[in-house]
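Structure record follows, encoded as structure tokens.
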Amino acid sequence: MSEHGHTDANIPIHGNYHGYYSKRPNLPDPRLSLLSSSIFLNATVLDIGCNEGRVTCEIAQLWNAKKVVGVDIDDALITTAWRRRRAVWSLQGPTSAAPKASDENSDQDRVLERVGREKCSGEAKEERPQKKRKTEDGRAQGTAPPLIAPSRGLPLPIPNYFPASCEHEFGSLPVPPFQTRSKNIFPHNVVFRTVDWAKEDVLEDAEGYDVVLGFSVSKWIHLNDRDEGLKSFFHKVFRVLHPGGVFVLEPQGWDTYTKAKRMSEKLKENAKMLELRPEGFEQVLLEEIGFASVERLGLAGDGGFRRPVDLYRKWGSH
């Protein structure tokens with residue numbers, strides 16, 4: 001029982017905040033805008049601490065990923081993530097120009113478009129383009145990747161093509177079976193698992209990943225499992241990455257540990273034993289874990305969520 005009269009089960013001691021993205025509402029996610037779109041092209045991606053699946057779905061829908069696996073320790077958040085997957089699918093624009101597994105898919109997209117238009121009289125709003133600083137692949141920072149990836153040949157769907165009120169009022173559209181589309185395009189290319197990934201495996205780990213995301217999770221693993229547990233987590237990330245794969249890390253600053261450790265006696269006691277600091281993660285990842293290089297991508301987010309994003313690359317090539 002905590003000092004506030006709540007059991008630890010009701011306190012997000014693993015960073016498993018419900019409503020987290022109400023405080024980080026930006027879409028596309030600004031952390032992803034720091035990355036080159038080529039990182040996710042045809043990639044198998046692991047999103048650790050996926051929360052309600054917002055980033056996971058964005059990568060699966062808009063970044064040309066082959067498969068995206070979202071994992072979180074909180075089963076309620078994973079349930080929300082599955083619901084989000086279906087809601088995002090319901091609001092996206094039809095992709096009738098995409099390569100089809102069969103003629104049935106053309107009919108499927110036309111039906112979905114007709115159903116959406118019959119249910120909703122609102123049209124998608126067209127945003128006026130703004131001048132923004134460009135990333136290394138020519139995109140304006142804070143924008144999604146191009147709607148077509150020529151090397152993959154798949155036109156990407158238009159997100160939020162239908163107004164959100166459509167899904168709220170009439171419910172989500174059914175997800176068609178992947179046999180009539182492709183298991184490597186959204187929504188079939190994203191799955192969610194409830195697991196404490198730092199300590200347990202999921203089925204997809206055996207095949208390995210091209211990209212592993214660790215957005216705002218290092219502090220919580222550190223406080224719960226101390227220096228040894230965090231290093232063990234880093235070793236596991238390295239192990240499941242394919243040669244040439246990348247680990248994208250958004251570490252929380254040491255100053256944020258002070259508030260977090262007050263959540264429970266366990267965290268408070270563990271914090272006293274920590275010798276490793278976030279500014280020392282780079283040395284550990286390069287010298288102890290074995291990553292070949294690091295690239296500091298810059299800062300992303302607003303206010304207290306403005307944090308560095310670093311990219312660590314494993315030796316070798318795909």
Side-chain angles (χ1 to χ4, degrees), residues 1-33 45-60 68-88 164 190-200 202 212-226 229-230 233 237 248-271 274 278 281 299-309:
M1 187 79 71
S2 77
E3 61 187 35
H4 300 292
H6 301 292
T7 63
D8 281 355
N10 297 324
I11 300 173
I13 61 171
H14 298 281
N16 50 313
Y17 291 100
H18 290 236
Y20 177 74
Y21 281 100
S22 64
K23 298 179 180 179
R24 301 188 79 161
N26 302 50
L27 281 175
D29 193 285
R31 295 168 293 187
L32 297 181
S33 74
V45 183
L46 175 65
D47 182 13
I48 302 169
C50 67
N51 199 269
E52 61 186 36
R54 192 155 175 158
V55 170
T56 326
C57 286
E58 182 181 336
I59 295 170
V68 190
V69 181
V71 297
D72 200 282
I73 199 170
D74 191 317
D75 190 56
L77 287 174
I78 289 296
T79 299
T80 301
W82 280 111
R83 287 200 299 265
R84 178 168 183 80
R85 167 185 176 262
R86 189 170 173 184
V88 171
V190 60
V191 296
F192 296 99
R193 310 284 187 219
T194 302
V195 66
D196 183 356
W197 191 84
K199 300 174 183 175
E200 306 167 56
V202 293
V212 174
L213 300 179
F215 285 161
S216 296
V217 296
S218 58
K219 173 176 67 178
W220 302 106
I221 297 171
H222 205 185
L223 281 172
N224 278 279
D225 302 320
R226 300 185 289 195
L230 182 63
F233 166 73
V237 169
V248 184
L249 178 66
E250 179 199 23
Q252 298 103 314
W254 179 250
D255 60 311
T256 67
Y257 282 56
T258 302
K259 181 179 179 181
K261 69 183 182 183
R262 296 176 188 151
M263 288 186 174
S264 77
E265 285 300 319
K266 174 187 175 181
L267 300 189
K268 192 180 295 184
E269 290 303 310
N270 282 351
L274 301 182
F281 291 174
L299 299 172
D302 301 315
F305 293 105
R306 188 164 179 77
R307 298 170 183 154
V309 178

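The structure presented is a predicted model; accordingly, all values stated were derived computationally and were not measured.
- In this structure, N16 and I13 approach most closely via the heavy-atom pair OD1-N, 3.8 Å.
- Residues that satisfy the side-chain contact (heavy atoms from CB on, under 4.5 Å) test with D225, not counting sequence neighbours, are K199, I221.
- Although no hydrogens or angles enter the test, the distance criterion places no donor-acceptor pair under 3.5 Å between the side chain of D196 and the main chain of I73.
- Atom CD1 of I11 sits about 7.5 Å away from atom CE of M263, to the nearest 0.5 Å.
- The shortest distance between side-chain heavy atoms of V248 and V212 does not fall below 4.5 Å.
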Exercise. Might you work through the side-chain contact (heavy atoms from CB on, under 4.5 Å) test for W254 and L274, ending with a clear yes or no?
Key: CA-CA 11 Å; W254 179 250; L274 301 182; 4.1 Å; yes

Quiz item: Going through the distances and angles, do S218 and Q252 end up as a side-chain hydrogen bond (donor to acceptor under 3.5 Å, both in side chains)?
Solution: CA-CA 7 Å; S218 58; Q252 298 103 314; 3.2 Å; yes

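- Considering all non-hydrogen atoms of both residues, A300 and V309 come closest at CB-CG2, 4.4 Å.
- Between the CG atom in L249 and the OG atom in S216 there is a gap of 9.0 Å [rounded to 0.5 Å].
- By the 4.5 Å heavy-atom criterion applied to side chains, V69 and R193 are counted as neighbours.
- P308 approaches P251 most closely through the heavy-atom pair O-CD, 3.5 Å.
- The closest donor-acceptor contact from the side chain of N270 to the backbone of R226 lies at 3.5 Å or more, if one exists at all.
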Quiz item: Which is it for L267 and N224 under the side-chain contact (heavy atoms from CB on, under 4.5 Å) test, yes or no, and what are the steps along the way?
Solution: CA-CA 6 Å; L267 300 189; N224 278 279; 3.6 Å; yes

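- Residues D72 and W197 have side chains not in contact (no heavy-atom distance under 4.5 Å, counting atoms from C-beta outward).
- Considering CZ of R307 and OG1 of T256, their distance stands at 6.5 Å, rounded to 0.5 Å.
- Taking SG of C57 as the reference point, atom CZ of R86 lies at 13.5 Å (rounded to 0.5 Å).
- Counting only heavy atoms from C-beta outward, the side chains of W220 and P12 never approach each other to under 4.5 Å.
- Applying side chain to side chain contact (heavy atoms under 4.5 Å, CB included) to N51 and the options T56, L77, T80 leaves one that passes, L77.
- In this structure, the separation between CG on L230 and NZ on K219 is 13.0 Å, given to the nearest 0.5 Å.
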Practice problem: Kindly determine whether C50 and I78 satisfy side-chain contact (heavy atoms from CB on, under 4.5 Å), including the steps that lead there. | Solution: CA-CA 8 Å; C50 67; I78 289 296; 3.8 Å; yes

Self-check item: Criterion side-chain contact (heavy atoms from CB on, under 4.5 Å) on V55 and D47, from CA distance to verdict
Solution: CA-CA 8 Å; V55 170; D47 182 13; 4.1 Å; yes

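- Relative to the six-membered ring of F192, R85 misses at least one condition, a distance below 6.0 Å or an angle of at most 45° to the axis.
- Contact annotation: the side chain of T79 never approaches that of T194 to less than 4.5 Å [non-hydrogen atoms, C-beta and beyond].
- Proximity of a side-chain donor or acceptor of E58 to a complementary backbone N or O of D29 within less than 3.5 Å is detected.
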